[in-house]
Amino acid sequence: MSSFLNSSIGKKFLMSLSGLFLLSFLLVHLILNSFILFDNTGELFNQAAHFMAANPIIKVVEPVLAIGFILHILYAIILTLHNLTTRPVGYNKQKQAHASSWSSRNMFVLGLVVLTFLVIHVANFFWKIKFTGHELLEHGMVGEVENTYLLVTTFFIDWWWIVAVYVIGSVALGLHLYHSIWAAFQTLGLSNQLWRRRLNRFGLLVSILIAGGFAVIPLWVKISSLL
Amino acid sequence: MDLTLKVWRQDNAKAKGRFENYQIKNISPDSSFLEMIDELNEQLIQEDKEPVAFDHDCREGICGMCSLFINGRAHGPDEEITTCQLHMRKFKDGDTIVIEPWRANGFPVIKDLMVDRQAFDKILQSGGFISANTGNAPDANAIPIGKDKAEESMDAAACIGCGACVATCKNSSAMLFVSSKVSQLALLPQGKHEAVRRAKAMVDKMDELGFGHCTNTGACEVECPKGISLDHISRLNREFLLANLKP
Ligand code: HEM
Ligand code: SF4
Ligand code: FES
């Protein structure tokens, strides 16, 4: 097993599985967040957030998710560091744009942007909800259900730069996913001529959905507060 | 055509290299790129200078010996072509052409534009034998093989081991080469027996020789003179994963 994980394909295998796992989490996350758009009293979103926080399944999934992130990032660093050593003398002139997409060449940079965003995002909301608490959360609490909606929307309404950070984070995530959905299947050995076309189209769709979805929520909250 | 050539010169594997600029005149647009370098070398010899060392052999696009990174692309500015098949009409009068050797950890420079591609031979050797009976050639169609499989195997076998995939890849990954060698056998009944062992051995060798990890950019497929498909990399991944998951 250790020789498998030391091999180039073994490491990629872990990146691919962890990446797909993170992607499945993102989809669930986006569906819940979209409740912010559908009910501006916030009740729907608060109920959903409460359901997730109280759910025993989620309690199990949370550490698994953390492990998924750690594995993905750890192997991203190992792979990228190794790849920095494989061309000791670089080219004087190299044309790349015609042969590969910008995303595919900048996965690590895009990953770092996503990671920076994630740290800000976790500090903004998750940390407060889970650990420190916040006065806005207790505002108008209905029984056990905290006012997560108020915390989230207040943040976006009060600070333009937070909205900007969320939009940039979403776009980086979208570009990361645009390359990686087909790539993840390719790495698992599950692609061929036909499926490559399908997976690329599917990847484009999913990355637009996810990037667009996560970007639209803060923008909508901010803009609708101005109307 | 009159051209300026900016050529990588390096005395030997240990020496530090440098670019030299050369002017060359009256090149026919119909000559091949290698013929143009032949003319440059004639000129250098007449000037009592050391000619530029570069690899070439068949000059008909089948041996994979010619290399060269020309104006930022492996085998220069044409599609699915080796350098010996590249013609000067792809350039304009007055152009400056940058000519560099393949750059990769696994392909050290021997001299000027020549690189050592023995790493590919070592990977092939690590793949080992196939258990086919020796003796007379078997009767045609004695082993039934579906047309799709036969074609795909032939497509993979078109790889000429030139190394453009490694030279192009931002990670210097040899996955396209290795995958074509694994595929051409894995697709046929004759190569099936050792398919699992072969995939493992060749990938291990590839890693050991300092090639990079594939990040699926797909640049190798675009620059491969034989149009070897990324599908073969997917098959290699599959073979390798199955090889490791089987006890
Ligand atoms: C929610 C966040 C993320 C998701 C959903 C995600 C998803 C994926 C997926 C599906 C792949 C494809 C794997 C493959 O090519 O086989 C991938 C590749 C990659 N990810 Fe992420 N990723 C995320 C965050 C990150 C972060 C934070 C980093 C690094 C700091 C990162 C770095 C990379 C790198 C470098 C690759 C390319 C690996 C390769 O092709 O070998 N990702 N990601
Ligand atoms: S896969 Fe293509 S580019 Fe790579 S060695 Fe074979 S023929 Fe050359
Ligand atoms: S010299 Fe043989 S392929 Fe170019």
Side-chain angles (χ1 to χ4, degrees), chain A residues 1-13 15-17 75-76 78-108 111 179-196 199-200, chain B residues 6 8 10 17 19 69-74 77 98 100-106 108-109 152 166-175 199-200 203-204 206-207 210-223 229-245:
Chain A
M1 195 66 191
S2 78
S3 80
F4 172 64
L5 290 184
N6 278 327
S7 72
S8 54
I9 299 179
K11 289 180 197 140
K12 292 271 317 176
F13 178 70
M15 289 242 38
S16 166
L17 283 188
Y75 276 89
I78 295 174
L79 279 163
T80 307
L81 283 180
H82 176 68
N83 281 345
L84 288 176
T85 67
T86 55
R87 181 160 293 140
V89 183
Y91 290 108
N92 176 266
K93 184 172 181 184
Q94 187 173 18
K95 291 187 182 150
Q96 294 181 308
H98 67 284
S100 58
S101 70
W102 184 87
S103 305
S104 73
R105 280 178 270 126
N106 292 283
M107 288 297 278
F108 190 69
H179 170 65
S180 62
I181 290 176
W182 161 74
F185 286 93
Q186 170 85 358
T187 300
L188 297 177
L190 300 174
S191 172
N192 59 26
Q193 206 108 4
L194 178 64
W195 279 96
R196 185 169 164 196
L199 286 166
N200 270 326
Chain B
K6 187 175 167 184
W8 182 259
Q10 182 172 337
F19 279 101
F69 214 72
I70 302 163
N71 274 352
R73 288 183 63 184
V98 183
E100 302 175 72
W102 284 171
R103 297 288 191 197
N105 204 12
V109 173
E152 235 187 319
V166 173
T168 295
C169 175
K170 82 183 234 299
N171 312 313
S172 308
S173 165
M175 285 287 275
K200 258 182 96 148
V203 169
D204 288 349
M206 166 185 89
D207 289 345
F211 293 100
H213 299 306
C214 172
T215 57
N216 299 320
T217 70
C220 51
E221 179 190 62
V222 175
E223 298 294 26
S229 160
L230 293 184
D231 293 2
H232 299 301
I233 296 187
S234 188
R235 181 174 298 102
L236 171 62
N237 287 332
R238 193 158 65 234
E239 294 279 332
F240 183 83
L241 292 174
L242 289 175
N244 277 283
L245 294 177

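Numbered from 1 within each chain, the chains take letters A, B, ... in sequence-line order. Only this structure's heavy atoms are used, side chains among them; waters, hydrogens and symmetry mates stay out.
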For a side chain to side chain contact (heavy atoms under 4.5 Å, CB included) check, start with the C-alpha distance between A:Asn92 and B:Phe69, then their side-chain angles and the critical distance, and finish with the verdict. CA-CA 10 Å; A:Asn92 176 266; B:Phe69 214 72; over 6 Å; no
Do B:Thr215 and A:Ser104 pass the side chain to side chain contact (heavy atoms under 4.5 Å, CB included) test, and can you show the C-alpha distance, the side-chain angles, and the key distance before you say yes or no? CA-CA 7 Å; B:Thr215 57; A:Ser104 73; over 6 Å; no
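- No other option in B:Gly17, B:Gly212, B:Ala167 has as many heavy-atom pairs under 4.5 Å with chain A as B:Ala167.
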In sequence, state the C-alpha distance, the side-chain angles, and the governing distance for A:His98 and B:Arg73, and then conclude on side chain to side chain contact (heavy atoms under 4.5 Å, CB included). CA-CA 10 Å; A:His98 67 284; B:Arg73 288 183 63 184; 3.0 Å; yes
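- Contact annotation for A:Trp195: neither backbone nor side-chain heavy atoms come within less than 4.5 Å of a heavy atom of chain B.
- Interface residue B:Lys6: only side-chain heavy atoms are found under 4.5 Å from chain A.
- Residue contact with chain A, scored on non-hydrogen atoms closer than 4.5 Å, involves the backbone of B:Cys214 exclusively.
- Neither the backbone nor the side chain of B:Ala74 comes within less than 4.5 Å of any heavy atom of chain A.
- Of all non-hydrogen atoms in A:Asn83 and B:His213, the two that sit nearest each other are OD1-N, 2.7 Å.
- Between the side chains of B:Asn105 and A:Thr85, not a single donor N or O lies within less than 3.5 Å of an accepting N or O.
- For chain A, the nearby parts of B:Leu230 are the backbone and the side chain; heavy atoms of each come within less than 4.5 Å.
- With respect to chain A, the highest number of heavy-atom pairs below 4.5 Å among B:Ala104, B:Ser172, B:Gly106 belongs to B:Ser172.
- Residues A:Gln193 and B:Ser229 approach most closely at OE1-OG, 4.2 Å, considering heavy atoms.
- Only the side chain of A:Arg196 comes within less than 4.5 Å of a heavy atom of chain B; its backbone N, CA, C and O stay farther away.
- Shortest non-hydrogen contact noted between B:Ala219 and A:Ser100 is CB-CB, 4.2 Å.
- With a 4.5 Å cut-off on side-chain heavy atoms, A:Tyr91 and B:Val98 do not count as touching.
- Residues B:Lys170 and A:Gln96 share a closest heavy-atom pair of CB-NE2, 3.8 Å.
- The heavy-atom pair separating B:Asn237 from A:Thr187 by the smallest distance is CB-O, 3.3 Å.
- Partners of B:Arg103 according to the side chain to side chain donor-acceptor pair (under 3.5 Å) rule, which considers only residues two or more places apart in sequence or in another chain, do not exist here.
- For residues 233-244 of chain B, the pairs satisfying salt bridge (Lys or Arg N to Asp or Glu O under 4.0 Å) are B:Glu152-B:Arg235, with sequence neighbours left out.
- Side-chain polar atoms of A:Ser7 and B:Asp207 form no donor-acceptor pair below 3.5 angstrom.
- Contact of A:Leu84 with chain B is not made at all, since no heavy-atom distance falls under 4.5 Å.
- Contact annotation for B:Val166: only backbone heavy atoms (N, CA, C, O) come within less than 4.5 Å of a heavy atom of chain A.
- Only the backbone of B:Phe211 comes within less than 4.5 Å of a heavy atom of chain A; no side-chain atom from C-beta onward does.
- Summarising the geometry of B:Val222 relative to A:Ala99, their closest heavy-atom pair is CG2-O, 3.5 Å, with the distance given to 0.1 Å.
- Contacts between B:Thr168 and chain A at a heavy-atom distance below 4.5 Å involve the backbone alone (N, CA, C, O).
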